[in-house]
Peer 1: 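My structure is below; once you've seen it, I'll send some questions.
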2 protein chains.
Amino acid sequence: MEFQVSFHLNEKVFLKDPESSELGKQLIKSAIDLIYELGFEHFTFKKLATEVSTTEATIYRYFENKHRLLLYILNWYWSYMEFLVMFRLQNVADPQVKLQIIIELLTQELPESSGTMDYNKRYLNQIIISESSKVYLVKEVKEINKSEVFKAYKDLCAKIAEVVSEYNPDYLYPRSLSSTLIEMSHFQQFFSNYLPKLTDVGGLGHKDFTARFLTDLLFKAIGK
Amino acid sequence: MEFQVSFHLNEKVFLKDPESSELGKQLIKSAIDLIYELGFEHFTFKKLATEVSTTEATIYRYFENKHRLLLYILNWYWSYMEFLVMFRLQNVADPQVKLQIIIELLTQELPESSGTMDYNKRYLNQIIISESSKVYLVKEVKEINKSEVFKAYKDLCAKIAEVVSEYNPDYLYPRSLSSTLIEMSHFQQFFSNYLPKLTDVGGLGHKDFTARFLTDLLFKAIGK
DNA sequence: TCCATATGATAGTATTACTATTGTTAATTG
DNA sequence: CAATTAACAATAGTAATACTATCATATGGA
């Protein structure tokens with residue numbers, strides 16, 4: 001069976017919906033490749049334009065600047081992740097199992113292609129790990145936040161927090177714990193890869209290690 | 001009693017030690033002001049040069065680029081924090097009390113001026129919170145790490161991990177827990193300030209909230 | 001056929017992130 | 001005291017970045 005999921009991403013992230021045209025879709029696809037390859041700092045619209053054989057001017061018709069493009073990609077990821085959580089928790093009654101599934105989703109690679117969106121999931125994953133903080137750790141965060149472009153992140157966080165509270169209604173910090181899980185699912189992977197002394201990764205793969213660490217942390221925090 | 005602390009920061013961070021001249025010291029001081037004010041992305045050597053009435057060329061004799069300057073500031077912070085931890089743990093026997101002191105240090109503002117280094121501590125604090133991830137979340141992290149410029153961070157992390165292990169020798173993830181504490185002491189403050197829905201800050205101040213959340217998390221993780 | 005919309009082509013600007021050269025001054029040393 | 005060096009100022013210049021603007025062309029409905 002073929003099916004496809006799509007989310008309507010906050011329209012304030014883009015000027016013109018990249019989903020609305022072939023070029024737009026190609027833009028996102030290539031952007032993911034390029035950001036992965038160069039890192040966000042070295043990624044420019046000029047390079048992206050060359051990659052998809054168009055001009056800077058055209059890209060500026062889709063996105064105000066490269067920060068917005070990254071925000072678009074992250075919005076897509078957050079929405080997709082929330083969908084995956086919802087999807088994978090179907091018919092699971094036990095909140096403990098639910099939480100285990102959530103940690104698995106946060107630490108393992110994204111499942112391949114659900115429909116037309118055939119972004120390179122390995123690259124996307126790396127971008128989430130290495131670049132996601134950069135969309136909010138900016139001076140303009142207050143301004144940007146007003147346009148609700150972080151809603152998808154907050155929703156994901158809220159969804160996880162809900163399950164935390166289901167597991168233990170008395171736990172005082174469900175949302176902070178959720179954002180900690182999300183952030184640390186990235187950071188611990190990044191650290192165990194590049195700065196392993198900041199972790200206890202040892203001989204394990206960094207995804208497995210991160211999953212174990214977070215599972216331990218989570219269930220101890222909310223009580224087993 | 002007057003005293004002053006100084007650390008010898010890794011020499012690979014700078015080209016010419018800013019501690020070695022008046023201009024150099026002024027550079028760091030003004031850099032902290034400017035990065036705070038503009039955010040790291042909008043901070044440039046040109047602006048810094050104007051601020052201290054010198055030229056870009058001169059600044060380039062001290063630092064290879066602005067990333068290195070930020071790294072210098074963070075090295076200073078990490079070293080200072082490690083010193084503070086060591087200092088404040090003197091004659092404290094109980095590892096539980098030690099950990100409480102550590103969380104306090106991580107979440108409260110830096111104590112004012114220990115000697116000549118009269119950087120603006122409030123600004124410095126904000127920089128740590130908002131900009132610190134940017135020094136390692138870069139494509140070049142592997143290369144940069146080879147010059148050991150993250151040693152101060154790793155040392156701080158190791159020192160905290162040591163106390164964690166002292167408290168509970170059986171805990172499996174002392175270093176990951178420590179890096180989680182450090183990172184989350186910044187992120188939860190940032191979130192509770194700008195994206196409060198990602199937290200459970202409620203009516204509390206964001207420093208106090210972060211301290212409470214981390215205390216709860218830490219002691220539950222390692223067992224009370 | 002007309003009209004809107006999307007894109008291409010081209011140009012241009014201010015700023016950024018550097019590098020290079022030369023000159024001045026002040027401190028160090030022989 | 002002269003000579004040298006180091007530190008910095010002054011100036012210039014370059015390639016890349018982050019945009020903005022204008023106009024032409026193609027395409028696909030109404």
Side-chain angles (χ1 to χ4, degrees), chain A residues 11-31 33-35 37-73 131 134-135 137-140 143-144, chain B residues 11-31 33-35 37-73 131 134-135 137-140 143-144:
Chain A
E11 311 210 339
K12 279 169 186 158
V13 178
F14 49 76
L15 298 171
K16 173 183 157 73
D17 189 352
E19 285 292 307
S20 71
S21 72
E22 267 319 303
L23 182 75
K25 287 176 204 165
Q26 194 50 51
L27 236 39
I28 303 299
K29 231 166 131 173
S30 296
D33 294 348
L34 276 181
I35 294 175
E37 201 179 300
L38 305 169
F40 187 62
E41 283 76 18
H42 299 303
F43 165 79
T44 68
F45 276 5
K46 179 88 199 126
K47 290 170 186 166
L48 179 56
T50 306
E51 187 75 13
V52 304
S53 310
T54 182
T55 60
E56 275 182 280
T58 299
I59 302 178
Y60 277 105
R61 286 201 195 94
Y62 285 86
F63 295 100
E64 218 178 311
N65 51 50
K66 67 173 185 171
H67 181 268
R68 289 288 164 143
L69 208 183
L70 181 59
L71 200 45
Y72 179 88
I73 293 173
E131 320 289 357
K134 295 170 191 171
V135 298
L137 292 179
V138 293
K139 202 67 192 172
E140 305 86 355
E143 256 324 285
I144 299 176
Chain B
E11 311 210 338
K12 279 169 186 159
V13 178
F14 50 75
L15 299 172
K16 174 183 158 70
D17 189 352
E19 285 292 307
S20 71
S21 73
E22 266 319 302
L23 182 74
K25 286 176 204 164
Q26 195 50 52
L27 236 38
I28 303 300
K29 232 164 129 173
S30 296
D33 294 349
L34 276 181
I35 294 174
E37 201 178 300
L38 306 169
F40 187 62
E41 284 75 18
H42 299 302
F43 165 78
T44 70
F45 276 6
K46 179 89 198 124
K47 290 169 186 166
L48 179 56
T50 307
E51 187 75 14
V52 302
S53 310
T54 182
T55 59
E56 276 182 280
T58 298
I59 302 178
Y60 277 104
R61 286 202 197 93
Y62 285 86
F63 295 101
E64 219 178 308
N65 50 51
K66 69 173 184 171
H67 181 267
R68 290 289 164 142
L69 209 184
L70 181 58
L71 200 45
Y72 178 88
I73 293 173
E131 321 289 356
K134 295 171 191 171
V135 297
L137 291 180
V138 292
K139 202 68 192 173
E140 306 86 355
E143 257 324 286
I144 298 177

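Below, chains carry the letters A, B, ... as their sequence lines are ordered, and counting in each starts from 1.
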Peer 1: OP1 or OP2 of D:dC8 sitting under 4.0 Å from any side-chain N/O of B:Ser21?
Peer 2: yes
Peer 1: In whole angstrom, what separates A:Leu15's CG from C:dA6's P?
Peer 2: 12 Å
Peer 1: Quick one: does any side-chain atom of B:Lys16 pair with a main-chain N or O of B:Gly24 as donor and acceptor, under 3.5 Å?
Peer 2: no
Peer 1: Using whole Å, report how far NZ of B:Lys25 lies from P of D:dA7.
Peer 2: 15 Å
Peer 1: Indicate for each nucleotide in nucleotides 15-24 of chain C, in 5' to 3' sequence, whether protein heavy atoms under 4.0 Å reach the base (B), only the sugar-phosphate (S), or nothing (-).
Peer 2: -SBBBB----
Peer 1: Just the rounded figure in Å: distance from C1' of D:dA9 to CD of B:Glu22.
Peer 2: 18 Å
Peer 1: Heavy atoms only, 4.0 Å cut-off, all strands: where does B:Ser53 land among base, sugar-phosphate and nothing?
Peer 2: sugar-phosphate
Peer 1: Can you check the B:Ile59 CD1 to D:dA9 C1' distance for me, whole Å?
Peer 2: 13 Å
Peer 1: Hey, can you tell me if B:Phe45 and B:Phe43 have their rings parallel, tilted or perpendicular (30° and 60° cut-offs)?
Peer 2: perpendicular
Peer 1: Counting only N and O atoms by type, is there a donor-acceptor contact under 3.5 Å from the side chain of A:Arg68 to the main-chain atoms of A:Tyr62?
Peer 2: no
Peer 1: Of all heavy-atom pairs between A:Ile73 and A:Ile35, which one has the smallest distance, and what is that distance?
Peer 2: CD1-CD1, 4.1 Å
Peer 1: Does B:Thr58 have a side-chain nitrogen or oxygen under 4.0 Å from the phosphate oxygens OP1 or OP2 of D:dA9?
Peer 2: yes
Peer 1: Round to the nearest Å and state the distance from B:Asp17 atom CG to D:dA7 atom P.
Peer 2: 12 Å
Peer 1: Would you indicate, yes or no, if C:dA6 has its OP1 or OP2 atom less than 4.0 angstrom from a side-chain nitrogen or oxygen of A:Tyr62?
Peer 2: no
Peer 1: Whole Å only: how far is the CZ atom of A:Phe63 from the P atom of D:dC19?
Peer 2: 14 Å
Peer 1: In whole angstrom, what separates A:Leu48's CG from D:dT17's C1'?
Peer 2: 14 Å
Peer 1: With a cut-off of less than 4.0 Å, is there a side-chain N or O of A:Thr54 near OP1 or OP2 of C:dT7?
Peer 2: no
Peer 1: Should the pair A:Lys134-A:Glu41 be classified as a salt bridge under the 4.0 Å nitrogen-to-oxygen rule?
Peer 2: yes
Peer 1: Drop me the distance from B:Leu23's CG to B:Ile28's CD1, to the nearest 0.5 angstrom.
Peer 2: 10.0 Å
